[in-house]
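One structure below.
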Amino acid sequence: MPYRLCFCFSEDNFPPELKDYQTLAAIQHDLKTGVSTCVELVRLYLARIEAEQHLNAFVEVYSSDSLQRAEEIDAKLTAGTAGRLAGLVLGIKDVLCYAAHGVQAGSKILDNYKSPFTATAVQRLLDEDAIIIGRQNCDEFAMGSSNESSYFGVVRNAADRARVPGGSSGGSAVAVQAGLCHASLGSDTGGSVRQPAAFCGVVGLKPSYGRVSRWGLIAYASSFDCIGPITKSVEDAALLLEIMAGADEFDSTVSTKQVPAYSKSRTWNESQKVRIGYLRESVESEAVAPAIRQRTLEVIEQLREQGHTVEPVEMPLLKYGLPTYYILTTAEASSNLARFDGVRYGYRSQQASDLESLYKKSRTEGFGEEVRRRILLGTFVLSANYYDAYYTKAQRVRKLIRSETEQLLTRYDFLISPVTPTTAFKLGEKTDDSLQMYLADIFTVGANVAGTPAIAIPNGLDENGLPIGLQVMTQAFEEEKLLSFSQYMSATIATPEKV
Amino acid sequence: MTSTEFTPTELPDELLEKYETVIGLEVHCQLLTDSKLFASDTNRFGGEPNTHISPLTLALPGTLPKLNQKAVEYAVRLGLACGCDISRHTIFDRKNYFYPDLPKGYQISQDKAPICVGGGVTVTTKDQENNPVERTIRFHHIHLEEDAGKSVHDGSSSDTQLDYNRAGTPLVEMVSEPDLRSAEETGAFVTEIRRLVRYLDISDGNMEEGSLRCDVNVSVRPFGQEEYGTKVEIKNMNSIRNIMRAVEYERRRQVSALENGDALFQETRMFDAETGETYGMRVKETMNDYRYFPDPDLCPVELTEERVQAIKSQMPALPRELREKFVSQYGIPAYDAELLTDTRDMARYFEELCGLTTHYKTASNWLMGPVRSYLNESGTEIAAFPLTPGTLAELIELIETQVISHSVATQKAFPALLEEPGRSPRELAEASDWLQNRNTNELETLVEEVLQSMPDKVKAYQKGKKGLMGLFVGEVMKKSKGKGDPKMINQLLAQKLN
């Protein structure tokens, strides 16, 4: 492990147990009433990170940094000048730049690299007084669905340590699940926020493509990548999105659409009945685990009981989602990752004897197997002889999927499905079978291909006590509607845990 | 009969003339925007290495490009000047390849939807009888792209050093059709492009500093043959003279190879300015697959009709337009107009001058005569010429109204004004006692004195040696201390002698 944790307290002043805060509002209430302070909160989280070190959720912990910031924010709270996120202890996925801090996308190739600037999304949270407690483990360059491809080793699911947390934002999901921080910032290219959120029983939001600036997000596939929050509650996801979203002069692909006050419009009017479509395959297919099918059907039933119209829908193009995703994301990745060449920064092979071997050796030694596989795949699909057969065709299919999704979403307010076909699988179970691994994203890639927003919310547990997630999707830039309905569902739909 | 091996330098003209040379150019031109094509760093030549580099220029992880709209405007300006179709929808593509001077591992360029399509420039060369020949050289397209950094080998070690100041500088690449037919025409083409970009104020067109550089494609084919011969690309040419030398050498090399029965193959060659020869690069030529694809970090650029019209309305006058205007409006010869429009600054100076005096031909003569000599001798440009058009116009008025003589103006007043550019020519002439003597009585006296002092010459003149007139004029001039009006002196002498 390239880092060691250092802690500022000893056994005898070990702090009291951390409360299981579900919302930032609850934390802020305790801060306001003097029950707690930011410094105390940070200490408690640091203690938990140490206690749960074996989960391997964090790559680097900013102990003194975050304590110092906590002190500053406590002072601001006293002075009444604190920002909207005062009291929020946040972890960021190791693909988000934070000035003067290391960032390496879970890869050896960025060994010792420190970013000189801060990602726009991170900066906006900092400006509202969020405290960043550390950077979180993830699949190398966000490529993976199990967090087993990280240079920093696997991350373990806190619900069952023999199982994966999902990926690629595995460390970020586990950190929220295990209470190592209050919320995390992840990135979602094909399900990398929603899938681990589902495996860990927390909320994961993938906003519309272009809703949040990508400046400072280490690119995997530029036309798919979205920064999204992982939280305990929909309420917090709404608040974080509201603060991060919106125009940014550093990203030409970010939307200039006005950002609604997501956090203020959360209440769903119960008398408002909606039309919901659910993927027929997701509750009929043998490939979907029985417990997941059952929980999804129970949700459908309860929604109907509440007076909503819920109908099965066909998405004939669903089966092309994964191939389209893998062709286009690997194509973009092969080019996005060309800058990691050992010339200007990061890892450089010491065995190189000339320019060509400098490139070959640095990249072969610096990248892990999955990243190399995707770079090769992407290079292949972009090569002159195969470009039209793969890249051009995949772009066309992407358009079709997008219009199919848009069509469906003109007839239905929401599309629901399970987040994943199975609950968290065992570590090492799928590492030798890329295809099986890629199928973990079957229900999530659609939103990235189409650019629509989608959220994963907890939907009970399976027979082994493993979390199940429910995905809700709606039209692009309709996060307001998505968040208020998801909040309503979270509050009203009975899950076995609650029963 | 034994066959003779021809060499490029010893090739009989009759063989050379059997072949037609076909040349196409890719001209790269750096745009003079304040910042880079996709980053906010300063875009200037020179500076200490790696001082104009931002996280984006270095391709640090997490950075994203942001298109410089000024560069788009400059490219449109160029396209409009060349009669291109301006693409209303243009996209940027990534050209992927590895090289240390290319920080991202790809260059942002344009492949399938370049900003300008078609168009061309007209070049003028001379035929064998020295008559001007005009031909239009068509463009395939013009596209926008970013420049790479520079690898530096300082000789003291085997290490390569990298300077990324230039990385990300905006370039327009003008790709011509294979329409050029000679070295001379190629030189004229590049000269015209350089003049054009300077007129348009989009580039300094400086070839020594690499602001303008060319890749030259050359092939030969027997006259009458339709299909093109095997072409060779000569990379990174950075002087017009060398471009012409390289084309000529390559033409001769290819013709002699064909005449010798040797095969030509498609390759990239370099030009050695020392020897005047081109040489093949001894590296294995692998077909590069640049894997172009649309850059997902950039949105397509939609150029509205209004925007194009707005750019059009702010276009400066082009050299060709000015040439025509100078001939038709100011009545100066085409040759003068050509020289006066050689640079935009000279043309501007002339235009300003013509707004202050109506003696257009005299104005043109001054600029092409004394002013140009002064600029040549002092090694300066018209922009740095000390006299304002106002001062020069006043001097011209003094000559035209015969207040001072032409010779006094050129030999005394002009040098004195260059010493004291702020002074009024009239005030200077008065103070220096240069005003022309136009007093008939005084001049008549001087004429008589001169004629009396050389009776032999008078006789000779009257016997028909009319060439002596110049001598008499000169003598009278001398006596008038240079101030006599030569026209009047001539008249008076003629009266007395005939």
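FYI, side chains are in, hydrogens and waters are out, and symmetry mates aren't considered; it's all heavy atoms of this structure. Numbers restart at 1 for each chain; the letters A, B, ... are given by sequence-line order, proteins then strands.
A donor-acceptor pair shorter than 3.5 Å cannot be found between the side chains of A:Ser172 and A:Lys93. Of the N and O atoms on the side chains of A:Gln104 and A:Asp94, not one donor lies less than 3.5 Å from an acceptor on the other residue. Side-chain N/O atoms of A:Ser383 and B:Asp289 include no donor and acceptor closer than 3.5 Å. A donor atom on one side chain and an acceptor atom on the other are found under 3.5 Å apart for A:Ser184 and A:Gln136.
Taking the six-membered ring for Trp and the full ring otherwise, B:Phe92 and B:Phe38 have centroids separated by under 6.0 Å. For A:Phe340 and A:Phe141, the gap between ring centers is short of 6.0 Å.
Note: A:Tyr113 and A:Tyr345 have tilted aromatic rings, judged against thresholds of 30 and 60 degrees for the angle between ring planes. Ring geometry for A:Phe117 versus A:Trp215: interplanar angle of 30 to 60°, hence tilted.
Neither the backbone nor the side chain of A:Leu358 comes within less than 4.5 Å of any heavy atom in chain B. Contact of A:Leu337 with chain B is not made at all, since no heavy-atom distance falls under 4.5 Å. For A:Leu217, the part lying near chain B is the backbone, with the side chain staying farther off; criterion is any non-hydrogen pair under 4.5 Å. With a 4.5 Å cut-off on non-hydrogen atoms, B:Tyr164 touches chain A through its side chain but not through its backbone. Of the two parts of B:Asp297, the backbone and the side chain both hold a non-hydrogen atom closer than 4.5 Å to a non-hydrogen atom of chain A. Only the backbone of A:Phe250 has a heavy atom closer than 4.5 Å to any heavy atom of chain B. For a residue to count as touching a neighbouring chain, one of its non-hydrogen atoms must lie under 4.5 Å from one of that chain's; by this rule A:Ala384 touches chain B with backbone and side chain alike. Of the two parts of A:Ala331, only the backbone, made up of N, CA, C and O, holds a non-hydrogen atom closer than 4.5 Å to a non-hydrogen atom of chain B. Residue contact with chain B, scored on non-hydrogen atoms closer than 4.5 Å, is absent for A:Ser115. Heavy atoms closer than 4.5 Å to chain A are found in both the backbone and the side chain of B:Pro100.
The pair B:Glu267-B:Arg269 meets the salt-bridge criterion, with a side-chain N (NZ, NE, NH1 or NH2) lying under 4.0 Å from an Asp/Glu carboxylate O. No salt bridge links B:Asp163 with B:Lys150; every basic N to acidic carboxylate O contact stays at or beyond 4.0 Å. A salt bridge does not link A:Arg374 to A:Glu140: none of the charged nitrogens lies less than 4.0 Å from a carboxylate oxygen.
Heavy-atom pairs under 4.5 Å with chain B were tallied for A:Ala221, A:Gly216, A:Ala219, A:Ser223; the largest tally goes to A:Gly216. When A:Asp341, A:Thr392, A:Asn336 are compared by the number of non-hydrogen pairs under 4.5 Å with chain B, A:Asn336 comes out ahead. For the options A:Thr379, A:Val95, A:Val103, A:Val343, heavy-atom pairs under 4.5 Å to chain B are most numerous at A:Thr379.
Judged by distance alone, the side chain of B:Arg213 and the main-chain N or O of B:His28 form no donor-acceptor pair under 3.5 Å.
By a heavy-atom distance cut of under 4.5 Å, B:Lys112 are the residues of residues 108-118 of chain B near chain A, going up by number. Heavy-atom neighbours of chain A within the stretch residues 298-305 of chain B, taken at a separation under 4.5 angstrom, comprise B:Leu298, B:Cys299.
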Any chance you could lay out the side chain to side chain contact (heavy atoms under 4.5 Å, CB included) test for A:Tyr209 and A:Arg214, step after step, and finish with the verdict? CA-CA 10 Å; A:Tyr209 180 77; A:Arg214 292 183 293 119; 3.4 Å; yes
Does the side chain to side chain contact (heavy atoms under 4.5 Å, CB included) test come out yes or no for A:Tyr151 and A:Val59, once each step is laid out? CA-CA 10 Å; A:Tyr151 169 53; A:Val59 162; over 6 Å; no
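Across B:Arg94, B:Lys95, B:Lys36, B:Lys104, a single residue satisfies salt bridge (charged side-chain N to carboxylate O under 4.0 Å, His left out) together with B:Glu146, and that is B:Lys104. Partner of B:Tyr290 under the ring-ring contact (aromatic ring centres under 6.0 Å, His included) criterion, out of B:Phe98, B:Tyr97, B:Tyr106: B:Tyr97 alone.
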